[in-house]
Amino acid sequence: MLVKIAFIVTIYQIYMVSVATGQCGQNAVWSYAPNPCAPTCEFQHSYCSPSTMPRPQPGCQCRPGYIFANSDRKVCVKHNQCPKICIKPYFFWNDCGSKCPRTCQQKFPRPCQLICEPGCFCQEGFLLDTVNMECVPEENCPEY
């Protein structure tokens, strides 16, 4: 019985890998536990904290030296090849944004170095909800 269960689990794992590996695009590889907080061209620094870090789910991860081109996390590009556009509503591209912007979860961010961080940032009057990665009006920030 135990051998039969192990065989079924092995076949399932082979099936999952064969289905999943086709989902990753250029410069990305399949992983059972990719970093859920890996940077993207849109969000080049991690907003994850122990309280907001999502549980790793099988998916794509970038090869060394690459970052995800966008939040769909399928295609990876070199950092200097990032498109300078923001697709989500209420975001804008900034070549020199803050490494420690205000967010719904951290309205009073810690002091940080004044180093330019390129990426997508929320428009004036909006804060980033780091759980949903959406810009929301400051007064509508969710309580978690």
Side-chain angles (χ1 to χ4, degrees), residues 5-144:
I5 291 172
F7 176 74
I8 291 170
V9 168
T10 302
I11 295 298
Y12 176 75
Q13 289 173 333
I14 291 169
Y15 169 76
M16 290 305 293
V17 168
S18 67
V19 168
T21 53
Q23 295 177 352
C24 295
Q26 189 175 6
N27 303 311
V29 294
W30 178 255
S31 172
Y32 281 107
N35 177 359
C37 300
T40 68
C41 287
E42 297 166 307
F43 305 105
Q44 295 186 22
H45 57 282
S46 176
Y47 287 100
C48 288
S49 67
S51 63
T52 63
M53 181 176 285
R55 185 174 171 196
Q57 297 292 321
C60 302
Q61 73 180 24
C62 293
R63 294 182 189 280
Y66 292 84
I67 67 172
F68 288 112
N70 54 41
S71 56
D72 75 359
R73 298 180 175 274
K74 300 220 184 294
V75 175
C76 301
V77 297
K78 292 276 189 188
H79 189 271
N80 63 356
Q81 295 173 325
C82 283
K84 295 182 177 188
I85 57 170
C86 302
I87 298 170
K88 293 184 175 188
Y90 311 112
F91 283 98
F92 72 97
W93 181 266
N94 190 344
D95 283 321
C96 190
S98 171
K99 287 185 81 68
C100 307
R102 293 178 63 220
T103 67
C104 287
Q105 289 71 26
Q106 198 167 34
K107 292 185 180 177
F108 304 101
R110 68 195 188 295
C112 66
Q113 296 177 337
L114 297 175
I115 298 174
C116 289
E117 180 75 29
C120 294
F121 293 87
C122 293
Q123 295 175 0
E124 189 70 34
F126 290 79
L127 294 181
L128 182 65
D129 174 6
T130 59
V131 173
N132 298 313
M133 296 308 284
E134 296 177 351
C135 291
V136 297
E138 183 171 356
E139 62 274 7
N140 293 347
C141 279
E143 297 290 330
Y144 293 103

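Numbering starts at 1 and runs along the sequence shown. Side-chain atoms are counted along with the backbone in the values below, which use heavy atoms only and exclude waters and symmetry mates.
- Closest heavy-atom contact between F121 and S98: CE2-O, 3.4 Å.
- Other residues, nucleotides and ligands contribute over 12 non-hydrogen atoms within 6.0 Å of the CD atom of Q123.
- Summarising the geometry of C104 relative to P142, their closest heavy-atom pair is SG-CD, 4.1 Å, with the distance given to 0.1 Å.
- Taken from OH in Y90 to SG in C135, the straight-line distance is 10.0 Å, to the nearest 0.5 Å.
- Applying the side-chain hydrogen bond (donor to acceptor under 3.5 Å, both in side chains) rule to E42 yields the partners S71; only residues at least two apart in sequence or on another chain are considered.
- Considering only residues two or more places apart in sequence or on other chains, Y66 meets the ring-ring contact (aromatic ring centres under 6.0 Å, His included) condition with none of them.
- A distance of 11.5 Å separates SG in C60 from CG in N27, rounded to the nearest 0.5 Å.
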Just list the side-chain donor-acceptor pairs under 3.5 Å for residues 72-79, sequence neighbours left out, or say none.
from, atom 1, to, atom 2, distance (Å)
D72, OD1, K74, N, 3.2
R73, NH1, A38, O, 3.2
R73, NH2, A38, O, 3.0
H79, NE2, Q44, OE1, 2.5

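- Between E138 and K107, the shortest heavy-atom distance links the atoms O-NZ, 4.2 Å.
- Within the structure, ring-ring contact (aromatic ring centres under 6.0 Å, His included) contacts touching residues 91-115 (residues at least two apart or in different chains) are F43-F91.
- Taking 4.5 Å as the limit, every side-chain heavy atom of L128 sits out of range of all side-chain heavy atoms of P101.
- Within 6.0 Å of CD on E139 lie more than 12 heavy atoms contributed by other residues, nucleotides or ligands.
- Contact detail for N70 and T40: the closest heavy-atom pair is O-CG2, 3.8 Å.
- When atom types are taken as modelled, the side chain of Q61 and the backbone of S31 share no donor-acceptor pair closer than 3.5 angstrom.
- Partners of K84 by side-chain hydrogen bond (donor to acceptor under 3.5 Å, both in side chains), not counting sequence neighbours, listed by chain and number: D95.
- Taken from CD1 in I67 to CG in N80, the straight-line distance is 9.5 Å, to the nearest 0.5 Å.
- The CG atom of D129 sits 8.5 Å away from the OG1 atom of T103 when rounded to the nearest 0.5 Å.
- Rounded to the nearest 0.5 angstrom, K88 NZ and C122 SG are separated by 10.0 Å.
- Not counting sequence neighbours, L114 has no partner by the side-chain contact (heavy atoms from CB on, under 4.5 Å) test.
- Separating the CG atom in N94 from the SG atom in C116 is a distance of 8.0 Å, to the nearest 0.5 Å.
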